[in-house]
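Model, not experiment: these values are computed from the prediction. So you know, we letter chains A, B, ... as the sequences are listed, proteins then strands, and number each from 1.
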Amino acid sequence: DEIRAVARGIVEKEIEKHAADGLGMVDYALSSAGATVVKHSEAYRVGKGKVWFYTANRNEVHHEANMMLRPSFGEPGQCFPLKGNNGFVEIKLRTAVIPEAITLEHVAKSVAYDRSSAPKECRVSGWLEKRDTPEQQMFLLTEFTYDLEKSNAQTFSVLDSVGSGMVNTIRLDVASNHGSASYTCIYRLRVHGREPDSVSLSATQS
Amino acid sequence: DEIRAVARGIVEKEIEKHAADGLGMVDYALSSAGATVVKHSEAYRVGKGKVWFYTANRNEVHHEANMMLRPSFGEPGQCFPLKGNNGFVEIKLRTAVIPEAITLEHVAKSVAYDRSSAPKECRVSGWLEKRDTPEQQMFLLTEFTYDLEKSNAQTFSVLDSVGSGMVNTIRLDVASNHGSASYTCIYRLRVHGREPDSVSLSATQS
Amino acid sequence: DEIRAVARGIVEKEIEKHAADGLGMVDYALSSAGATVVKHSEAYRVGKGKVWFYTANRNEVHHEANMMLRPSFGEPGQCFPLKGNNGFVEIKLRTAVIPEAITLEHVAKSVAYDRSSAPKECRVSGWLEKRDTPEQQMFLLTEFTYDLEKSNAQTFSVLDSVGSGMVNTIRLDVASNHGSASYTCIYRLRVHGREPDSVSLSATQS
Ligand SMILES: [K+]
Ligand SMILES: [K+]
Ligand SMILES: [K+]
C-alpha cells in the first residue's frame with residue numbers, strides 16, 4: 001500500500017508535467033500566445049502529401065512558419081522545413097524576457113520515418129528590438145548539438161554571460177543537420193525565461 | 001519485480017485516464033459532440049498576437065466562443081476571454097442529461113504567463129429548454145471558488161437538491177476573477193452526468 | 001528511494017510512449033505524413049451538432065475522410081462515420097512498406113456517449129498499386145474483431161503468409177459494428193511496418 005502511494009504520487013506528478021506542454025515550463029515563443037516567425041532562410045517545398053506552397057518572394061514569411069512555435073503532439077510532419085542542410089529563423093517573442101533556457105524539439109524516434117532532417121549544430125542569439133533605436137546589443141544565448149540519442153525535447157541553459165540582459169527577438173542558426181541534403185525540419189523551438197518585474201524594470205530604465 | 005508490476009499497473013491506469021480527455025469522464029458540453037455557446041457577456045478584444053475580432057452586435061455569439069468547449073492541450077491562449085472581471089456564458093448541451101458534476105479548467109500554473117484572468121467565484125445553473133414551453137424550471141447546479149493552488153482542472157459535484165432533474169442548457173456566472181481588471185479567461189467548462197435511459201424517461205414523461 | 005527510482009523509470013518510459021502518438025510505433029497511414037483515403041462506402045450525414053456535408057457523388061472522397069488518419073486526442077466525435085452497420089475504406093499509404101501490424105482505435109469507454117457505432121468484425125487487405133500494371137497481387141493482411149472491453153487502440157499482427165510482400169494501398173472492410181443501425185465510426189486506422197532498404201529493394205526488383 002505504501003508502495004502504491006509512492007508510485008501514484010510520482011505518476012501524478014509526471015503526468016501533470018506531461019500535460020503541461022510536456023515540460024511544465026513557460027514558453028515565450030508560443031505562437032498562440034503572440035510569438036511569431038519574422039524571417040527565415042528559404043523554406044523547403046514539399047512535393048506530394050503535405051503541400052507547402054512556395055513563396056516566390058524570399059522576403060516573405062512562409063504561411064506555415066509558425067508551425068515551429070506550436071506543439072507537435074507526437075506527430076511526424078508537424079514541422080517547418082527549411083531548404084538544405086542548414087538555415088536560420090528569427091522569432092519575435094510574446095514579450096521581452098530575461099532568457100534562461102532554450103528547448104529544441106524534434107519528432108520522437110519511435111514514430112519517425114527518418115530523422116536525417118533533424119537539426120544538429122545550433123546557435124541561438126537574441127536582442128531587444130526597439131522601434132527608435134537602430135543599434136541593438138546582440139547576445140549569444142547558447143550553442144548546442146541536438147543529439148538523436150537523447151529525449152526528443154532537449155533543453156539548453158542560456159550562457160551566464162547574458163546575465164539579466166533582455167531580449168524580445170531571437171535567432172536560431174542551424175549550421176548542420178543529421179544527414180538530409182534536401183531539408184532541415186524544425187518541429188518546435190521554445191524560449192524559457194522570466195519577465196522582469198516592474199520594479200527591476202524601472203530600475204533598468206532609469 | 002512485484003514492485004515493477006504494481007508500478008506499471010498504476011502508471012497504465014493513470015495514463016489511460018490522462019489520454020481519455022484528462023479526466024476519463026463523459027463531457028456533455030464538448031463542442032465537437034454538438035454542444036455550443038448560445039449567449040455570453042461581452043467578449044474581450046485581444047489586440048496584438050492572437051486576434052479576437054470584435055463583434056459589434058452584442059446579441060451575436062463570438063465565433064471563438066466554443067474554444068471553451070474544447071480541449072486546451074496545456075497551451076496558454078486556448079481560451080474564450082470575457083471582458084472585465086466578471087461575466088456569463090450560456091451553453092446548449094449535446095443532449096438533455098441529469099447533471100452530476102461540473103469541471104472548470106484553467107491553464108496549468110507551470111506554463112502560464114499570468115493567471116490573474118482565471119475565474120474565481122462561480123455559479124452554474126441549468127434548465128431544460130423546450131420549444132413550446134416558455135416557462136422553465138431553473139436549477140442551481142453548484143457554486144464554487146476556483147482555487148489557483150489546486151489542480152488546473154477542478155471538478156465540483158452538483159447539489160443534491162437537483163435530484164434527477166434534467167437540463168439541456170446551462171449558465172456559468174463568474175462573479176469575480178483572480179485579479180485582472182481587463183478580462184476573464186475561460187479555458188474549458190465540462191458538464192458531467194448521465195442520460196436518462198428510455199424506461200425512466202417514459203416514466204418521467206407519463 | 002530505490003522504489004522511487006524504479007517507479008520513476010517506469011513512468012518516464014510509459015509517458016514517453018504515450019507522448020509518441022500513444023503507441024510509439026511508426027504509422028504509414030498518417031494523413032499529415034502523406035497518406036490519404038482514396039475510396040470509401042457511403043459516408044454518414046450527421047444532422048445537428050457536427051455537420052457532415054453530404055457528397056452527392058458517391059465516387060468522391062468525403063472531405064472529412066482523412067479524420068480517420070489523424071490522432072483523436074481522446075475526443076468523441078473525431079471520427080469518420082460510414083453509413084449503416086458495415087462499409088469499407090481504401091487508403092493510399094505514405095509510401096510502400098512491408099506491413100507488420102494494423103491498429104484500429106475507437107474512442108475510450110470512459111468518455112464515450114455510446115459505443116454502438118464501433119466497428120466489430122474487420123478485415124484488412126493490401127496491394128502494391130502501380131501505374132502501368134493493371135493486375136495487382138492482393139494480400140489478406142489480417143482479420144480481427146474489435147473488442148469493446150479491451151484498450152481503445154487495438155493492434156493486430158499481419159499474417160505470416162504476407163511474408164515480405166509490399167503494399168502501398170490497403171482496404172479496411174467492416175462487416176459489422178457493435179449495434180448501431182445508422183452508422184459506423186472509424187476513429188483511426190494505423191499501418192505499421194518497415195520500409196524495404198535499398199539493397200533488398202533492388203534484389204526484389206531484379
Ligand atoms: K510543431
Ligand atoms: K480550450
Ligand atoms: K481521428
Q: Which one wins on heavy-atom pair count under 4.5 Å against chain A: C/I10, C/D21, C/I15, C/T36?
A: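 Among the listed options, the one with the most contacts to chain A is C/I15.
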
Q: Let me know if A/V6 has heavy atoms under 4.5 Å from chain C in its side chain, its backbone, both or neither.
A: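 Just its side chain gets close to chain C.
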
Q: Taking every non-hydrogen pair under 4.5 Å, which of A/G74, A/S151, A/S110 racks up the most with chain C?
A: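 With the most close heavy-atom pairs to chain C, the winner is A/S110.
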
Q: What part of C/H192 is in contact with chain A, defined as an atom under 4.5 angstrom from a non-hydrogen atom: side chain, backbone, both or neither?
A: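 It is neither, since no heavy atom gets under 4.5 Å.
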
Q: Can you tell me which portion of C/E16 sits under 4.5 Å from chain A's heavy atoms? Options are side chain, backbone, both or neither.
A: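 For C/E16, there is no contact with chain A at all, as no heavy atom is under 4.5 Å.
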
Q: Apply side-chain contact (heavy atoms from CB on, under 4.5 Å) to residues A/V124 and A/F139 and explain how you reach the verdict.
A: CA-CA 9 Å; A/V124 179; A/F139 303 99; over 6 Å; no

Q: Establish, from distance only, whether the side-chain atoms of C/T184 and C/N177 form a donor-acceptor pair under 3.5 Å.
A: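 Yes.
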
Q: For C/E12, is it the side chain, the backbone, both or neither that has a heavy atom under 4.5 Å from a heavy atom of chain A?
A: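 Just its side chain gets close to chain A.
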
Q: Should the ring pair A/Y113 and C/Y28 be called parallel, tilted or perpendicular, given that the plane angle runs from 0 to 90° and is split at 30 and 60?
A: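 Taking C/Y28 first and then A/Y113, their aromatic rings sit tilted (interplane angle of 30° to 60°).
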
Q: Do you know the tightest heavy-atom contact between A/I98 and A/G163?
A: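 Shortest heavy-atom separation between A/I98 and A/G163 comes out as CG2-O, 3.8 Å.
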
Q: Verify, without hydrogens or angle tests, whether C/H40 (side chain) and C/H62 (backbone) share a donor-acceptor contact under 3.5 angstrom.
A: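 It does hold such a pair.
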
Q: Between C/E100 and C/R194, does at least one N-O distance fall below 4.0 Å, as a salt bridge requires?
A: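 Salt bridge flag = yes for C/R194 with C/E100.
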
Q: With a 4.5 angstrom heavy-atom cut-off, is it the side chain or the backbone of C/V26 that approaches chain A, or both, or neither?
A: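 It is both, since atoms from each part get that close.
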
